[in-house]
Amino acid sequence: MLRQIIGQAKKHPSLIPLFVFIGAGGTGAALYVLRLALFNPDVSWDRKNNPEPWNKLGPNDQYKFYSVNVDYSKLKKEGPDF
C-alpha cells in the first residue's frame with residue numbers, strides 16, 4: 001500500500017500535501033486515543049488493585065487535556081474522603 005501511495009505521489013505531486021495532512025491527522029488521533037486510554041482516570045486497567053481510580057485524584061490533579069481559566073495547583077478539597 002505504501003508503494004502505491006508513493007507511485008501516486010510521483011505521478012501527481014499535488015497530492016503530497018494531502019497525504020501529509022491525512023497522515024498527520026491519523027497520527028494525532030491515534031496519539032490522543034492512546035493518551036485517553038493510559039492517563040484518563042475514568043479508565044481502569046487493573047480492577048483488582050485499583051477498582052475506582054477516580055477516587056484517588058486530589059483536587060489539584062489536572063486530568064483535562066487543556067483548561068483555560070483554572071489553576072489546579074491552587075484548588076482546595078471541598079468534599080469528604082471516601
Side-chain angles (χ1 to χ4, degrees):
M1 186 163 139
L2 185 61
R3 186 178 295 173
Q4 188 177 19
I5 291 174
I6 292 173
Q8 287 293 323
K10 286 182 181 178
K11 289 180 186 175
H12 306 285
S14 62
L15 291 177
I16 293 173
L18 176 70
F19 293 144
V20 168
F21 284 109
I22 294 294
T27 303
L31 289 174
Y32 184 68
V33 168
L34 184 66
R35 179 194 175 273
L36 286 177
L38 295 178
F39 300 114
N40 196 352
D42 295 332
V43 178
S44 177
W45 291 97
D46 188 11
R47 290 189 181 191
K48 290 182 181 178
N49 295 328
N50 194 8
E52 295 176 343
W54 49 88
N55 284 339
K56 293 186 178 181
L57 287 176
N60 55 359
D61 290 334
Q62 180 178 357
Y63 61 92
K64 290 186 176 183
F65 185 69
Y66 178 72
S67 64
V68 180
N69 296 326
V70 179
D71 185 14
Y72 285 95
S73 64
K74 296 180 181 177
L75 289 179
K76 296 179 182 177
K77 188 170 187 172
E78 296 176 2
D81 289 329
F82 290 105

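Quick note: residue numbers are just sequence positions, from 1. Since we're looking at a predicted model, the values are computed, not measured.
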How does the hydrophobic cluster around Phe21 look, that is, which other residues are in it when side-chain heavy atoms under 4.5 Å mark a link? none

Can you tell me how far apart CD1 (Ile16) and NZ (Lys10) are? Round to the nearest 0.5 Å. 10.5 Å

Results of side chain to side chain contact (heavy atoms under 4.5 Å, CB included) for Ile22 - residues two or more places apart only: Leu18

